[in-house]
Amino acid sequence: MAASNGAAFEQPASFAFDAESEAEIAKIVTRYPPGRQASAVIPALYIAQRQMKRQTGSAWVPVKAMDAVAHRLGMPPIRVYEVATFYFMFNTKPVGTYHLQVCTTTPCWLRGSDAVTEACRKETGIKGWGETSADGMFTMTEVECLGACVNAPILQVDDDFYEDMDAEKVKQLLDALRRGERPTPGSMAGRQNAAPEGGPTTLTTLHFAPEA
Amino acid sequence: MPKVTIDGKEVEVPAGSTILQAAEAAGIEIPRFCYHERLSIAGNCRMCLVEVEKAPPKPIASCGYPVADGMVVHTDSKMVRNARRGVMEFLLINHPLDCPICDQGGECDLQDQAMGYGMDHSRYEENKRAVPDKYLGPLVKTSMNRCIHCTRCIRFITEVAGVPDLGATNRGEHMEVGTYVERALGSELSANIIDLCPVGALTSKPYAFVARPWELTKVDSIDVLDAVGTNIRVDARGPEVLRVLPRINEDVNEEWLGDKSRFAIDGLKRRRLDRPWVRENGKLRAATWNEAFAAVAAKLKGLSGDRIGAIAGDLCDAESMLALKELMAGLGSPNLDCRQDGAKLDASRRDFYTFNTTIAGIEEADALLIVGSNPRREAPVLNARIRKTWLQNGMPIGVIGDEADLTYAVTQLGTSAKTLGALVDGSHDFARVLTAAKKPMIIVGQGALRRQDGAAVLAACWRLASMVGALSPEWHGFNVLHTAAARVGALDLGFVPGPNGKDVDTMLAGGVDALWLLGADGFDTARIAAGTFVIYQGHHGDVGAARADVILPGAAYTEKSGTYANTEGRVQRGFMAVYPPGEAREDWKILRAFSGIIGRTLPYDTIEQLRARLEQVNPVFGHIGYLPRFGCTDPNGPASEVKALADAPVVAAVTNYYMTDPISRSSPTMAACVEAQSQQASPALAAE
């Protein structure tokens with residue numbers, strides 16, 4: 001039981017939604033018909049996780065927070081536990097200040113996610129997946145396809161995608177994070193969104209007929 | 001109705017049936033793990049695969065596939081056999097090969113079906129998955145490596161029991177069935193998941209490593225620990241009752257059994273009265289039957305009939321109560337009572353004290369008022385039926401009494417009995433709800449009837465039932481929910497004070513000089529007047545025996561063949577599974593033997609003769625197991641003034657489900673349940 005329910009670390013004794021979270025939940029609940037507010041469970045868990053980030057610096061959902069969600073949405077706690085443990089976006093254990101999520105699915109892997117992983121390890125001292133660095137700054141997890149394959153490999157930090165990564169860029173990114181900076185998310189190779197590197201590569205010779 | 005051909009057999013089944021149901025109608029068995037006819041369809045074990053002609057060319061899970069007219073199904077084709085073998089191979093990948101040390105061995109669905117579809121060896125060479133075992137309280141033992149994720153337990157606890165504690169956490173390879181946060185299951189029906197589990201993942205904790213199913217003798221019986229009359233099977237080995245399982249009876253318990261009825265049986269081995277005792281100089285001394293009988297006979301000899309009384313307890317069979325009644329008649333005593341809790345039950349007409357709607361009839365109701373009862377604690381199996389109805393039709397349910405989670409949404413009408421008065425005069429809103437309903441039901445609990453104004457409560461409930469249209473020739477919506485298995489039988493036999501007879505209160509307060517307690521100890525024995533000579537005939541050395549001057553050791557329900565009428569008035573018979581311990585004897589035989597000693601021999605020598613007499617006294621005892629549905633032909637209610645309703649709060653009769661009688665009070669398992677439940681906060685509201 002210990003590994004799955006989080007007995008190996010300390011669960012907070014209580015959890016209550018603060019005013020900001022409560023306002024967000026109230027807004028989300030109105031999206032669903034009366035009596036169907038349980039549909040808001042996933043957004044509500046996100047709200048709880050973000051509140052934990054604000055309050056403790058670690059974005060995770062303790063059992064008490066799941067209970068609070070269950071109580072707020074009028075559903076049995078076990079139904080919330082099921083959802084929270086099903087999706088890996090919800091951390092049921094404390095994580096570091098920055099949550100490094102390395103995509104290792106085939107396109108990222110082909111484009112060098114191994115190097116990204118290795119760089120993360122080297123920079124943070126983390127040995128394996130799911131571990132937190134000794135200074136509590138970083139937790140590294142392995143995730144499946146993040147859906148940004150055209151800019152592979154991806155390193156997701158908390159909610160932000162950092163794309164076109166390589167070992168050097170990982171080092172720069174982590175150094176910046178350590179300094180408290182937050183580099184602009186997106187392509188680290190300087191290209192716009194998913195546009196080709198170094199400017200357009202197709203339709204460059206297209207000429208239109210002069211207007212008559 | 002669509003016609004379906006299954007393996008060449010043509011059957012006609014109701015529209016909306018699944019292939020699996022149609023196959024059952026055709027008498028063809030389809031293997032399954034997750035499908036259960038009383039639970040929602042999950043379709044996740046894939047064992048019930050069949051081939052359907054002109055359907056997509058792949059095996060189809062028959063449990064969740066509705067039939068269509070003209071469908072042709074093959075349940076034993078090459079494709080089906082291959083598919084099922086494949087499913088079985090996958091199931092066995094992570095299932096440990098520990099049948100020799102598994103309690104399910106011999107009655108395991110997986111074991112049985114692996115005989116049909118399993119391979120003789122495994123092709124799997126990787127590591128098996130290991131899952132930590134879960135703590136689910138003192139009743140259910142887990143061995144989660146064996147779990148095949150059929151989710152029957154989750155669906156039962158969520159749907160039928162209505163106390164959603166169980167779920168599947170994590171996913172894929174890491175999916176685990178459990179409570180996530182460690183807690184004992186909060187439901188009174190929790191142990192049914194042991195029966196439902198198709199493998200050995202959930203087994204009985206008290207029965208762990210005790211016996212193999214083929215060692216047991218199986219005897220049909222009737223449960224007496226509540227008034228539902230659950231049909232049970234008693235499994236015994238030698239002199240010992242090892243376990244109790246439910247039998248299917250659609251009209252009573254479907255196939256469920258309350259935890260107390262299932263696990264209190266270890267109380268049958270403790271604190272038993274296995275020989276007669278006689279009090280001499282203030283101390284009880286072991287005696288022989290002759291000495292005990294002589295002591296009683298000597299005491300009764302000098303007493304006139306009106307100074308002798310008898311009280312029947314909660315667990316008595318009808319045979320022994322009739323024998324005691326006729327013994328008292330022989331002694332000239334009109335002082336009889338079975339209402340040891342002081343409930344103001346009216347024995348003048350049968351439908352004044354039975355559950356007239358019947359348990360199966362609850363499913364037709366469309367509005368319900370519960371007065372002074374907590375059916376979840378008093379009759380969990382019956383409560384499951386109320387919940388089932390509520391889930392189906394969302395009927396409004398009002399409760400007069402203390403607030404409790406009954407596993408369905410209720411409107412709390414208040415705790416005062418005066419609320420009932422407001423309902424009767426129509427000034428309360430809920431009266432309109434009941435009137436608007438086509439088949440309203442009212443359930444009166446013993447908690448409301450044992451009050452000082454119990455008679456007024458009974459009359460008010462009847463008047464309300466009559467007012468809201470619950471009493472018609474087609475529908476009888478007036479119900480008394482009993483807590484004692486013996487009560488309806490006793491009332492049917494007229495085990496109530498005769499002309500000028502004394503009731504329980506008068507008898508206890510010194511109204512009699514000699515008091516015969518037939519398993520009766522449901523009251524404070526300190527109330528028995530100091531000079532009263534007490535004869536305790538029963539099976540447990542509980543409070544009644546401690547006060548007794550003579551103890552006559554009787555038989556518990558598993559040790560005698562007995563007839564019981566449940567709260568509906570359904571007469572059912574249980575059979576003897578084991579012999580009574582030591583010198584103890586079947587209760588009617590004790591009474592018959594004693595009647596011979598005092599020269600007022602009862603006119604029956606065999607149980608058959610006694611049962612013939614039983615039928616003579618009340619013909620209902622002639623219809624075993626059968627209860628016709630009846631409406632109300634005479635709307636005149638019990639004679640009492642509704643005005644007498646008091647303001648005092650109505651409380652349910654049973655506060656501690658796990659300990660209600662001498663057997664469960666002696667049971668270590670029940671004690672463990674009480675401890676487990678008191679250690680954790682009450683489970684979350686199911687009906688929130």
Side-chain angles (χ1 to χ4, degrees), chain A residues 1-15 29 34-42 44-45 48 60-93 105 129-130 141-145, chain B residues 42 44 129-137 141-145 147 149 151 153-159 161-187 190 193 387 394 405 407-409 680-688:
Chain A
M1 192 93 194
S4 64
N5 78 347
F9 49 87
E10 205 164 321
Q11 292 275 355
S14 66
F15 179 92
V29 165
R36 296 277 183 272
Q37 64 275 46
S39 302
V41 61
I42 291 177
L45 282 166
W60 69 297
V61 195
V63 172
K64 288 285 178 201
M66 298 182 209
D67 290 343
V69 169
H71 183 74
R72 178 66 180 77
L73 302 180
M75 56 200 289
I78 185 72
R79 298 283 95 83
V80 181
Y81 304 156
E82 287 179 328
V83 173
T85 55
F86 186 89
Y87 295 104
F88 60 72
M89 294 80 173
F90 300 120
N91 303 312
T92 53
K93 292 189 279 193
T105 308
W129 298 121
T141 53
E142 181 181 35
V143 295
E144 299 304 328
C145 186
Chain B
N44 54 14
R129 173 182 116 104
V131 186
D133 290 343
K134 311 284 186 289
Y135 168 81
L136 297 180
K141 180 173 183 265
T142 64
S143 180
M144 298 314 285
N145 278 342
C147 178
H149 299 165
T151 68
C153 52
I154 300 175
R155 282 175 284 146
F156 174 82
I157 286 286
T158 308
E159 294 163 12
V163 187
D165 283 338
L166 280 175
T169 50
N170 300 311
R171 64 167 159 175
E173 158 99 303
H174 303 287
M175 176 176 154
E176 289 182 21
V177 172
T179 50
Y180 192 63
V181 288
E182 188 164 289
R183 64 179 305 144
L185 296 176
S187 169
S190 67
I193 61 176
R387 177 175 158 81
D405 172 17
T407 73
Y408 34 81
Q680 65 193 34
S682 63
L685 281 175
E688 246 183 317

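Note that these values count all heavy atoms, side chains included, but never hydrogens, waters or copies made by symmetry. Every chain is numbered from 1, with letters handed out A, B, ... down the list of sequences.
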Can you tell if the side chain of B:Thr158 reaches within under 4.5 Å of the side chain of A:Arg79, non-hydrogen atoms only?
yes

Is the shortest heavy-atom distance from the side chain of B:Arg171 to the side chain of A:Phe88 under 4.5 Å?
yes

Might you point out which heavy atoms bring A:Ile78 and B:Tyr180 nearest each other, and give the distance in Å?
CD1-CB, 4.3 Å

For A:Phe86, what residues pass the ring pair (Phe, Tyr, Trp, His ring centres under 6.0 Å) criterion, not counting sequence neighbours?
none

For B:Val181 and A:Val63, which heavy atoms make the closest approach, and how far apart are they?
CG1-CG1, 3.4 Å

For B:Arg155, what residues pass the salt bridge (charged side-chain N to carboxylate O under 4.0 Å, His left out) criterion, not counting sequence neighbours?
none

Under 4.5 Å from any heavy atom of chain A, what part of B:Leu166 do you find: side chain, backbone, both or neither?
backbone

